[in-house]
Amino acid sequence: MRRSVVLGCGAYLPERIVTNADLPKELETSDEWIRQRTGICERRIAAEGETTSDLALNACRNALERAGCGVDEIDVLIVATATPDHTFPATATRVQANLGMKRGAAFDLQAVCSGFIYALSMADNMVRLGQANTAMVVGAETFSRILDWNDRSTCVLFGDGAGAVILRGEEGKGDNTDRGILSTHIFSDGTGYEMLYVDGGPSTTGVTGHLRMEGREVFRHAVTRMAEAVEKSLETNNLTTDDLDWVVPHQANIRIMDSMAKRLALKPEQLVVTVDKQANTSAATIPLALTAADTDGRLKMGQLVSLTAMGGGFTWGSALLRW
Ligand code: ACO
């Protein structure tokens with residue numbers, strides 16, 4: 001049976017670090033409030049003129065180098081983003097051009113914070129069906145550009161960054177001891193549309209707008225939906241939470257992750273956490289966290305890793321893979 005195996009992953013964070021203490025005094029917030037409610041200590045903010053495609057390009061180059069893969073081997077490039085460079089064409093096509101990738105297909109995917117899981121699911125299906133042999137899946141965002149910097153209930157939560165994962169089709173036995181993606185699950189419920197949205201866009205106001213959110217409702221849904229999505233993936237593969245080595249959740253808030261871990265009876269040390277240093281980078285959080293855990297040697301070949309996310313829409317999902 002053909003599986004999508006992770007060949008390598010990579011990351012890029014803008015240089016500028018903004019700590020909680022660096023946030024504007026007019027916001028009337030504090031390091032203590034932000035840390036206690038979210039676990040966030042600092043975030044990276046893109047430089048003036050630095051775009052989502054720039055961040056994605058650097059993450060792709062890093063992933064290609066770490067995977068020992070040439071750009072000419074990539075059959076499909078998917079960029080998950082809610083903050084594209086332009087309304088069209090796809091940010092992925094700009095990344096494709098800047099990588100010097102002259103073949104294959106490149107397109108964007110929009111599922112906000114669940115975008116990476118959605119894109120991974122698309123890429124996995126393409127690889128398993130033989131439509132692509134090698135796929136590069138990117139999560140890249142410049143959320144700093146869509147924040148209302150006068151709204152303390154949202155602007156303290158987000159940061160900018162990009163991460164990329166390269167998948168390659170490999171034949172194996174097809175049981176759950178094989179390396180690669182065992183399954184992906186994606187879900188949405190559009191009745192949550194107005195709980196988390198940007199109050200602008202080409203077809204409404206004609207300008208981009210700012211992020212608006214019902215924080216408590218989003219919190220509640222995030223815990224429930226991410227836990228459910230992890231359980232669904234385990235059930236599908238006849239596995240249980242005891243089989244899991246690592247869970248890499250979307251990094252929105254440490255309290256969301258801890259509550260989800262509690263529901264799944266996971267040990268806190270099984271969670272990969274980067275929210276303290278990077279805040280919520282939307283579609284980029286999972287590939288950034290995966291790259292961090294791969295770089296410091298936590299992820300070992302053969303380990304069972306669960307990825308899960310929830311975001312605007314509402315959208316949510318999971319991927320279960322053997323590293
Ligand atoms: N600094 C200081 N005070 C603040 C801040 C801030 N940055 N933000 C809000 N407050 C105040 C509020 O004004 C309110 O004051 P009041 O009681 O005088 O009215 C008080 O703090 C409590 O506000 P709540 O919104 O009730 O605080 P809550 O405990 O719900 O925490 C938070 C807010 C952190 C946003 C929480 O709801 C949350 O994490 N929600 C999840 C949202 C999230 O992470 N979204 C990311 C995108 S979606 C995703 O990625 C899954």
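Both ligands and their constituent atoms are indexed starting at 1 by order of listing.
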Option from Arg103, Gln96, Met101 for which side-chain contact (heavy atoms from CB on, under 4.5 Å) with Ile74 holds: Met101
Numbered atoms and elements of ligand 1 in range of Val156, under 4.0 angstrom, heavy atoms: 7 (N)
Protein heavy atom at shortest distance from atom 11 (C) of ligand 1: Arg152 NH2, 3.6 Å
Arg94 atom CZ: more than 12 heavy-atom contacts under 6.0 Å: no
Verdict with reasoning, Thr285 to Thr274, per side-chain contact (heavy atoms from CB on, under 4.5 Å): CA-CA 8 Å; Thr285 68; Thr274 53; 5.5 Å; no
Short N or O distance, Arg255 and ligand 1, threshold 3.5 Å exclusive: no
In one Ile/Leu/Val/Met/Phe/Trp/Tyr side-chain cluster, 4.5 Å: Val247, Val223: yes
Nearest option to atom 4 (C) of ligand 1, as decided by whichever heavy atom of Trp33, Phe314, Phe143 sits closest: Trp33
Heavy-atom protein contact below 4.0 Å for atom 19 (O) of ligand 1: no
Minimum-distance protein heavy atom relative to atom 44 (O) of ligand 1: Ala252 CB, 3.6 Å
Atom 34 (C) of ligand 1 - nearest protein heavy atom and its distance: Thr38 CG2, 3.8 Å
Sub-4.0 Å protein heavy atom near atom 14 (C) of ligand 1: no
Asn280, any N or O under 3.5 Å of ligand 1 N or O: yes
Protein heavy-atom partner closest to atom 51 (C) of ligand 1 - residue, atom, separation in Å: Met310 O, 3.2 Å
Any N or O of Gly215 closer than 3.5 Å to N or O of ligand 1: yes
Parallel, tilted or perpendicular: ring planes of Trp316 versus Phe187, cut at 30 and 60 degrees: parallel
Test of proximity, Asn253 against ligand 1: N or O pairs below 3.5 Å: yes
Nearest non-hydrogen protein atom, atom 30 (O) of ligand 1: Arg216 NE, 3.1 Å
Donor-acceptor contact below 3.5 Å, side chain Gln278 vs main chain Gly161: no
Where ligand 1 meets Phe219 - atom numbers and elements under 4.0 angstrom, heavy-atom basis: 38 (C), 39 (O), 40 (N), 41 (C)
SB check Arg43 Asp160 (cutoff 4.0 Å): no
Expected output: side-chain Arg255 to main-chain Arg37 donor-acceptor under 3.5 Å: yes
Same cluster (ILVMFWY, side-chain, under 4.5 Å), Leu321 and Ile166: no
Protein contact for atom 7 (N) of ligand 1 (heavy atom, distance under 4.0 Å): yes
Distance filter under 4.0 Å to Phe158 heavy atoms, resulting ligand 1 atoms: 46 (C), 47 (C)
Protein contact for atom 48 (S) of ligand 1 (heavy atom, distance under 4.0 Å): yes
More than 12 heavy atoms of other groups within 6.0 Å of Gln303 CD: yes
Shortest protein contact, atom 1 (N) of ligand 1 (heavy atom only): Thr29 OG1, 2.7 Å
Glu15, CD atom: more than 12 neighbouring heavy atoms under 6.0 Å: no
Carboxylate-amine/guanidinium contact Lys300 Asp245, below 4.0 Å: no
Nearest-contact summary for atom 22 (C) of ligand 1 - protein heavy atom, Å: Arg37 NH1, 3.8 Å
Ligand 1 versus Leu27: contacting region, heavy-atom distance under 4.0 Å: neither
Distance from atom 43 (C) of ligand 1 to nearest protein heavy atom, with residue and atom: Met213 SD, 3.8 Å
Stepwise side-chain hydrogen bond (donor to acceptor under 3.5 Å, both in side chains) check, Thr52 with Thr142: CA-CA 6 Å; Thr52 294; Thr142 45; 2.8 Å; yes
